[in-house]
Structure formats: C-alpha cells, structure tokens
Amino acid sequence: MRDDTRWLRRAAVLCTGLFLLLLGTAVPASAHAALRGTDPADGSLLRTAPRQVSLTFTEPVSLLTDSLRVYDPGNHRLRTGEAGHAPGRSDTVRVRLPHRLRTGTYTVAWRVVSADSHPVSGALTFSVGERSATTVGVAPDRTENPATTSLYGIARYLSYLAAALLLGTAAFVAYCRPPTRTHLRRPALAAWWALLASTVVLFLLRAPYEEGTSPAQSLGLSALGRTATTRPGELLLARLALLLLPVVCAPVLRRWHRRVPRGAVHAAAAVLATALALTWAASEHASAGLQVPLAITSTVLHLLAMAAWLGGLAALLATLRHASEGLAGTVSRFSRLAFASVTVLVVTGIYQSWRGLGSWQALTGTTYGRILLAKLAAVTLLLAAASRSRHWTARLASPAPAPLPDRVPAPAGGPPLPPADAAGPTAQAGPLPDRGLTSPATAPLRGRVAAPAGGPPLPPADAAGSPGPAEPLPDRLRRSVLAEMAVGVVVLVLTTQLTSTLPGRAAADAARAGTAAAGIPTASVTTIPFDVGRPGGHGKVQITLDPGRVGVNSVQAVVYGPDGGLASIPELRVTLTLPARRLGPLDTGVTDRGGYWAADSFNLPMPGTWTMKATVRVSDVDQVTVSRTVRVVR
C-alpha cells in the first residue's frame, strides 16, 4: 500500500508539471472581436484631412481610458478628442481629429475590449496630400506585457481547475454517498481556497491585462475602481460573493442542519453551483455572437458536467484510497453520474463547436479548429480510459460469488468427510482416509481446492474463478481512474485555451470583410522605380490596392520625382495580368485626381501572382513601362 501511494503521488506531480508546462508555453489570448472596417480606409490617400476616424468591429466593444491614439508624420502624438461610440452603435468607435492636419502619413493605434472580455489591438494608416517617405512607427507604450499576460492566463487555468475539483467533489458527496467523507474535506477546502485566490488575482490583474501594462499597476485605486465598473469585473466580484456566501451562512447551517431537509440543502447547492458557472459563461465566447441565451445555457451545462466528471474522478480516487468496504454502491452511482455527464458534454460540445467554427474549413484552417481537433483526440482517449474504469466499476459493484459449502463432497465410492467447524479444521482431527486426497491441518476447508496426494494445496481462486493471485478490484479501479484524471487535465487545458482563442466563425467574418484575423485590414502597396533615359526623367510610382484581395478594390497611385516630391505627369496607365491563367491585361482605369491617380472600383476576379505594369509618360515623347509582381489572395 505504501508503494502504491508513492506511485500515486509521483503521478500527481507529473500531471501538475505537465499542466504548468502547458501554461507556460500557452500563446497570448486572441480576442473574439475583429476589425470589420475603418473610415478612412487603411492605406488610403486623401486630398483633404478627415474630421474624424471611426473603426467598426464584428461585435460590441468597450473602451479603455486611452483606446485611440493618433500620431502625425513625425511620430508625435496628436491632441484629439475623447474616443467614444457612435450613436446607437456599440460596435463602432470614433475619435475627432484636429482641424488642421499637415501633409503626410498618419498612424492610428487602437486598443479596445471585446464583448467576451479579451482585449484586442492594432493599427492603421492614412495619408493626407502625399505619403511620407518613411513609415511611421507605433509607439511601444501599449504593447502586451508578457508578465501580465502570463500571470492572468495561469490564474484563469487555475480557476477552471479549482472549480472542477470543488463542484465535482460536492456532486460526488451529494449523489454518490461515499461510506466516509472526512477524507474529502481537505481537497474540497484546498479547491475553495485556490478558486478564491485565483479570482482575487484575476480581479487585480484585470486592468493591467486590458491596458497592456505591468502587474505593478494592479494595486492602483483608479485601476481597481474602473475594473469594478466593467462587466468582467462585476462577474469576478459576483464569483467572490458566491464563494464567501457558504462561509457567512455556516453558523446558521450548523444550528439548523437537523431541521432543514437534505433535499433543500442539495437544491441550494445546485443553485449556487449554477450561479458560479454563470460567472464564466457570461464573460467568455458565449456572451457574444449568435444565439447568446442558448449559448450561455449550453456553456453553463458544459462547465457543470465537466466538473461533475473530472472533479468526481478526483473524489472517487481519494475514496478508493481511504475506504476498503462499502464501495459497491458508491462506484455504481458514480458510474451513472459519469455517464450522464458525458452525455451532456457531447451534446453541448457539438453545439459549441458548430457555433465556434461556422464551417468545416475552419476545422483545419484556423487556430480554433486545430485546438478543437486536439481536444477531440484527447476526449477520445479519455473516453477509452473511462470505458476501462467502467469495466472495473461493474466488477466491483457486481454481487459477490456464492460461498462454497461447508461440507466438502466425499470422494466417489467412500463415506463423506466429517464437517468442518467455524474455526477451520475438522472437529475430529486426524488423517483423512487414504483415497488420494489430503487436507492440511492448519487451513479451513472452505474455499480451498483439494490438492493432489503428497503435494501442497493449490492457491485460492479469485472472484472470477481462475486460480492464482489477483490484484484487488479497488486497486485496479484506482489505477484506471488515475489514468483517466491525467488525460482529463490535458482536456481541461485545451478547453481553457479554446475560451481564449479567436473562433473560426469570427475569423471567417473578418476575412469576408477584407480584414486579417488579427483585426488589422490588409492593403497591397507596390513601389516601382522608373527611368525614361533622360536627365530628370527618373522617379518612382507607388500603387496601392485596397484591400488587395479577390473582388472589388480601390486603386491609388502617386508619382514621385527625382527629388522625392510629388511629380505631375501627363499620363499614367496601370494594368494587371495573371500569366498562370492567361488572364489580362486588365486596365485599372486610374484617372488624375489632382496630384494623384485613382480608380474607385477595380475587380480582381481570382487569386494568384499577378504582374502589375505601370506605363509612365513624362512628356509628349518620353514614356516607359515598368512592372512588379503582386500577390492577390482570397
């Protein structure tokens, strides 16, 4: 038993190490919200300065104290108005610009919080009059802080694990009714403390996590006050209140526990567990997107079923280590609880996968889909381990075989042997008649197979009737449950990663809107040098395709002279050809807009590597055609 306990401890340490390793190598959370469009468009060249900048997202977003920052061509921050939502549009953010903007390229850096509580950030550029010769860099004051992101992620994982152990242990005690419960108090209390501590850490780190600042900023009164007014902060405070509620009510429960029906206590505990699960569901992916009420209900059931299964496994493992009798009813009831939990997990998991993916292509084409595939593989392995545990559970819960009779059948052709007393050997000690059978004088006849003459007795038979020593069924079940728990830890980590990864449906929505999955719109900018072969006849033409994808694009072209300034030319023609498909040349139809050339609508029919040709005429007789390749994606 001591060696077995040591082996269990080593396995638990190994599972914990694997868990922390996965936490340390986890990527930062990708938010649910994605940028759908901007005004002005990213990479656009404007003749006059805009009065404001607006950004539209795929879902409602909340603002931070400094959500939108605008930098001038010299990389100096502009004094702008306070950022806010457009009237009646919680998914659109805008900020007013100064009345006079000088010529050049401006950069807009933004950071908001999506409806599922994750921050999202990015940047875009637009130019007034002409584009700057150098690219404006975004100031690094709002980048992600690795320490804050790692600590916040670890606290989230630990809160899920602690909730599973706490709620699962409570469900195991209430439904499975183990023969002893004192051994479950310590792990349940440890899970309660872990959940309480991780919730406090999440609340303290919420403001630095949203702002992208260091953990040292978490203790400021202004940061804590702002967190308390946001929906994620309110849900964390509600979780703390629910955890402290049993402590506050403990004196009353001790005084009236004999007068309160057990069913009422179980009902109150179920309501408390549902409310705790709701604090996660209302702040994750289920709180945004389509079918929000149904999604939140499904997420709550998924969390409760996960806790009942994985937390119940931990409670069952502890019970098997501390109890040796009266386990048949307990393991039988847990088998039914686990089966019901798996059924709920399958049904809700299918719905959440459909809601998060949106298409079969997203299963392999997005990070969310690949993590989901890894989780499905781990769940399959978990079900295989659970099937083995169910086999040993059925063996343990089955009735014991009927005992052998007290009287040993007499050999054929001889008188019956004398009966054995309760103590073991026959009352009339003495050698048996010499009929080919012997009986040891120190062992009872019950349950022993007769040995051949002159030889030692055969070993006793096990429960299945096969001779030979056999490992006790509780030990077999305990090892099977431990393997099931090890796989369950991996499933829990993958589940938590899914809650912080951009769903495939949101990524597809962003791509259809012409944006990248990270929320930053794409634009193809190509610079082509030219030289007509005479003094002062060289320069470059900068051509922008927005968004640079299949479909309708806008085209802007700016010609720069030898001195790097804008050059006025009499004619510019831009065409695109797809040699692989023998398609083209397609004329973009750019026209002179007074300092730059543009076409508002040009259709790119298919993806591929296109050849962009620009014919530049600088005088009546001097012109040149130059080309570059351009990659067009869907």
Side-chain angles (χ1 to χ4, degrees), residues 28-39 42 52-69 81-96 108-124 142 152 156 202 206-207 209-212 226-238 278-300 352 355-358 368 498-521:
S30 301
H32 193 163
L35 189 62
R36 185 187 300 275
T38 65
D39 184 20
D42 183 27
Q52 66 180 17
V53 175
S54 62
L55 293 80
T56 303
F57 296 87
T58 56
E59 68 176 35
V61 296
S62 58
L63 297 175
L64 303 172
T65 55
D66 200 16
S67 281
L68 295 181
R69 294 162 293 129
E82 185 177 356
H85 290 95
R89 296 290 302 273
S90 58
D91 61 345
T92 301
V93 180
R94 65 182 183 180
V95 62
R96 295 189 65 83
V108 180
W110 49 270
R111 186 180 181 89
V112 295
V113 180
S114 61
D116 58 3
S117 77
H118 299 299
V120 55
S121 59
L124 62 96
R142 293 292 296 279
Y152 192 87
R156 289 183 69 250
L202 288 173
R206 184 65 202 177
Y209 174 69
E210 291 180 349
E211 298 282 351
R226 183 191 173 279
T227 300
T229 60
T230 62
R231 188 180 66 170
E234 292 173 350
L235 291 172
L236 290 173
L237 290 177
L278 189 60
T279 61
W280 276 279
S283 62
E284 299 292 349
H285 289 323
S287 61
L290 73 162
Q291 301 177 354
V292 171
L294 181 59
I296 290 180
T297 303
S298 174
T299 302
V300 169
Q352 293 182 52
R355 186 176 181 271
L357 287 174
Y368 184 91
L498 278 179
T499 64
S500 59
T501 303
L502 179 70
R505 186 183 296 273
D509 292 341
R512 283 193 295 267
T515 61
I520 303 176

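Keep in mind that the numbers below use all heavy atoms, side chains included, and drop hydrogens, waters and symmetry copies.
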Query raised in the report: Is there a side-chain contact between I296 and L278, using heavy atoms and a 4.5 Å cut-off?
Result: yes

**Report entry** Gap separating the CG atom of D39 from the CD atom of Q52, nearest 0.5 angstrom
**Finding:** 7.5 Å

Query raised in the report: About how many Å separate CG of L202 and CG of L235, when rounded to the nearest 0.5 Å?
Result: 12.0 Å

Requested in this report: Over all heavy atoms of both residues, which pair between R94 and P87 is shortest? Give the atoms and the distance, please.
Outcome: NH2-CD, 3.4 Å

Report task. Just say parallel, tilted or perpendicular for the rings of F57 and W110, cut-offs at 30° and 60°. Result -> perpendicular

Query raised in the report: Do the side chains of S117 and R206 get nearer than 4.5 Å, heavy atoms only?
Result: yes

**Report entry** Least distance between heavy atoms, A295 atom then R355 atom
**Finding:** CB-NE, 3.4 Å

Query raised in the report: In Å, rounded to the nearest 0.5 Å, how long is the span from CD of E284 to CD of Q352?
Result: 11.0 Å

Report task. Give, for atom CD of E211 and atom OG of S67, the distance between the pair rounded to the nearest 0.5 Å. Result -> 7.5 Å

Query raised in the report: Going by heavy atoms in the side chains, are E234 and S283 under 4.5 Å from each other?
Result: no

Query raised in the report: Is there a side-chain contact between T227 and E210, using heavy atoms and a 4.5 Å cut-off?
Result: no

Query - Minimum heavy-atom distance between L63 and R226, given as atom pair plus value - result: O-NH2, 3.1 Å

Query raised in the report: What is the minimum heavy-atom distance between V95 and G81, and which atoms define it?
Result: CG2-O, 3.1 Å

Query raised in the report: Out of L68, V61, L35, L64, which residue meets the side-chain contact (heavy atoms from CB on, under 4.5 Å) rule with V112?
Result: V61

Query - Non-hydrogen atoms of Y209 and H118 that approach each other most closely - result: OH-ND1, 3.4 Å

**Report entry** S298 side chain to L294 backbone, donor-acceptor under 3.5 Å
**Finding:** no

Report summary line: Interatomic distance, CZ@R36 vs CG@L55, rounded to 0.5 Å, equals 13.0 Å

Requested in this report: Could you tell me which non-hydrogen atom of E59 sits nearest to which non-hydrogen atom of S114, and how far apart they are?
Outcome: OE2-CB, 3.0 Å

Query raised in the report: Distance from Q291 atom CD to T297 atom OG1, nearest 0.5 Å?
Result: 11.0 Å

Requested in this report: Quick one: do T279 and L236 satisfy side chain to side chain contact (heavy atoms under 4.5 Å, CB included)? Show the steps, please.
Outcome: CA-CA 7 Å; T279 61; L236 290 173; over 6 Å; no

